[in-house]
Trainee: 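Quick one: the structure is below, and I'll ask about it shortly.
Side-chain atoms are counted along with the backbone in the values below, which use heavy atoms only and exclude waters and symmetry mates. Along the sequence shown, residues are numbered consecutively beginning with 1.
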Amino acid sequence: PPPPPEPIHVESITSEVTKVTREIGGDYRIVYKILPENADDKSVVIKIESMTPENEGETVVSLKDGVVYTLALGKAVVSITTNDERSGHC
């Protein structure tokens, strides 16, 4: 029998935007593109890398199912990582 085909690995992941501004109470769905489009494993982990609140002790954002919810004034960095360890940020 012929050998199994080589797996197609993710080469890159890019976020649709790198900066998002939202009012408190707003939300933003993380949109990203994985290349090549026919990669075998397109699963990702999206997580909050860091938060810098304007008022100490506040939580700037929360994250659920790929949606970032704005809770307070400040800045946050969200990362997207594939199982092939490719990553992007917004």
Side-chain angles (χ1 to χ4, degrees):
E6 289 291 318
I8 300 171
H9 295 283
V10 172
E11 293 174 8
S12 68
I13 183 169
T14 54
S15 175
E16 183 178 85
V17 297
T18 56
K19 184 176 181 180
V20 177
T21 302
R22 291 288 184 264
E23 299 286 331
I24 293 174
D27 60 60
Y28 177 75
R29 175 164 294 283
I30 302 295
V31 178
Y32 55 90
K33 184 173 187 169
I34 293 176
L35 293 176
E37 292 182 2
N38 64 338
D40 290 329
D41 184 358
K42 294 183 191 177
S43 57
V44 298
V45 174
I46 300 173
K47 66 181 182 178
I48 299 168
E49 285 288 319
S50 64
M51 284 191 270
T52 308
E54 284 195 10
N55 297 311
E56 189 174 332
E58 290 186 328
T59 300
V60 177
V61 297
S62 66
L63 176 66
K64 183 175 181 185
D65 299 327
V67 178
V68 178
Y69 298 91
T70 308
L71 306 175
L73 295 176
K75 295 180 181 181
V77 175
V78 177
S79 69
I80 312 161
T81 306
T82 68
N83 284 337
D84 285 337
E85 297 186 8
R86 302 291 187 239
S87 64
H89 293 86
C90 67

Trainee: Do Val44 and Ile30 have side chains that get closer than 4.5 Å, going by heavy atoms?
Mentor: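 In short, these two side chains do not touch, never coming nearer than 4.5 Å.
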Trainee: Search all heavy atoms of Glu58 against all heavy atoms of Ala72 and return the closest pair with its distance.
Mentor: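 Heavy atoms of Glu58 and Ala72 come nearest at OE1-CB, 3.4 Å.
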Trainee: So if you build clusters from Ile, Leu, Val, Met, Phe, Trp, Tyr with side-chain heavy-atom gaps below 4.5 Å, do Val78 and Val67 land together?
Mentor: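 No, Val78 does not connect to Val67 through the hydrophobic network.
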Trainee: Calculate, to the nearest 0.5 Å, the distance between atoms NZ and CD1 belonging to Lys33 and Ile80 respectively.
Mentor: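 The CD1 atom of Ile80 is 14.0 Å from NZ of Lys33, to the nearest 0.5 Å.
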Trainee: List for me each residue that meets side-chain hydrogen bond (donor to acceptor under 3.5 Å, both in side chains) alongside Asp41, sequence neighbours excluded, and say none if there are none.
Mentor: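 side-chain hydrogen bond (donor to acceptor under 3.5 Å, both in side chains) list for Asp41, sorted by chain: Ser43, Asn83.
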Trainee: Please give the remaining members of the hydrophobic cluster of Leu71, linking ILVMFWY side chains under 4.5 Å, ordered by chain and number.
Mentor: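 Noted: Leu71 shares its cluster with no other residue.
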Trainee: For the atom pair OH (Tyr69) and CG (Leu63), what is the distance rounded to the nearest 0.5 Å?
Mentor: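 If I round to the nearest 0.5 Å, the distance is 9.0 Å.
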Trainee: Can a donor-acceptor pair be found, under 3.5 Å and without considering hydrogens, that links the side chain of Lys42 to the backbone of Glu37?
Mentor: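 Yes, the answer is positive, given that a donor and an acceptor are paired below the 3.5 Å cut-off.
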Trainee: Rounded at 0.5 Å granularity, tell me how far CG in Asp27 sits from CZ in Arg22.
Mentor: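 So the CG of Asp27 and the CZ of Arg22 are separated by 7.5 Å.
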Trainee: Where is the tightest heavy-atom contact between Gly74 and Val60, given as atom of each residue plus distance?
Mentor: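 Scanning both residues completely, I find the closest heavy atoms to be C-CG1, 3.8 Å.
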Trainee: How long is the gap from CD1 on Ile24 to OG1 on Thr70, to the nearest 0.5 Å?
Mentor: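 Answer for the CD1-OG1 pair, Ile24 versus Thr70, is 8.0 Å.
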Trainee: Check step by step if side-chain contact (heavy atoms from CB on, under 4.5 Å) holds for Asn55 and Leu73.
Mentor: CA-CA 8 Å; Asn55 297 311; Leu73 295 176; 5.6 Å; no
Trainee: Looking at Val10, is its backbone amide N or carbonyl O close enough to the side chain of Asp84 to form a donor-acceptor pair, meaning the two atoms are under 3.5 Å apart?
Mentor: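 It does hold such a pair.
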Trainee: Got a second to check how far Ile46's CD1 is from Arg29's CZ, nearest 0.5 Å?
Mentor: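 Between atom CD1 of Ile46 and atom CZ of Arg29 there are 8.5 Å.
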Trainee: Mark yes or no for whether Thr59, through its side chain, and Val61, through its backbone, hold a donor-acceptor pair below 3.5 Å.
Mentor: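 Here the side-chain-to-backbone pair does not exist.
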Trainee: What's the spacing between His9 NE2 and Thr82 OG1 if we round to 0.5 Å?
Mentor: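 The OG1 atom of Thr82 is 10.5 Å from NE2 of His9, to the nearest 0.5 Å.
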